[in-house]
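Not measured: the values here are computed from a predicted model.
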Amino acid sequence: MTKSFNTRPALTKITEGLTLIAMVGLTFVSATALATAPIQMVQPVVHQLPTVEITVKKHQLPAVVMTVKRSHTA
């Protein structure tokens, strides 16, 4: 009797481990980059845009009248 070897659980554990290592590494790299970089405060520049007025012609839709008749079925 031959028994087949399923590699899916092993590959899943390996990829989960590598993902965790990459996430921890990126966290430490970003933390050290933020801790060592001098932060210079830059004054924000505020731009005032001119006021825009939009005028639209109002369209009047025609009135719709419906008449309904009841049919007589026997």
Please report, to 0.1 Å, the donor-acceptor pairs under 3.5 Å made by any side chain of residues 9-19, with sequence neighbours excluded.
residue	atom	partner	partner atom	Å
Thr12	OG1	Arg8	O	2.8
Thr15	OG1	Leu11	O	3.0
Thr15	OG1	Thr12	O	2.9
Thr19	OG1	Thr15	O	2.7

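In the hydrophobic clustering, Val45 connects to no other residue, as no ILVMFWY side-chain heavy atoms lie under 4.5 Å from its own. When hydrophobic residues (I, L, V, M, F, W, Y) are linked wherever their side-chain heavy atoms come within less than 4.5 Å, the members clustered with Met66 are Val64.
The hydrophobic clustering, which links ILVMFWY residues whose side-chain heavy atoms are closer than 4.5 Å, places Leu34 and Leu26 apart.
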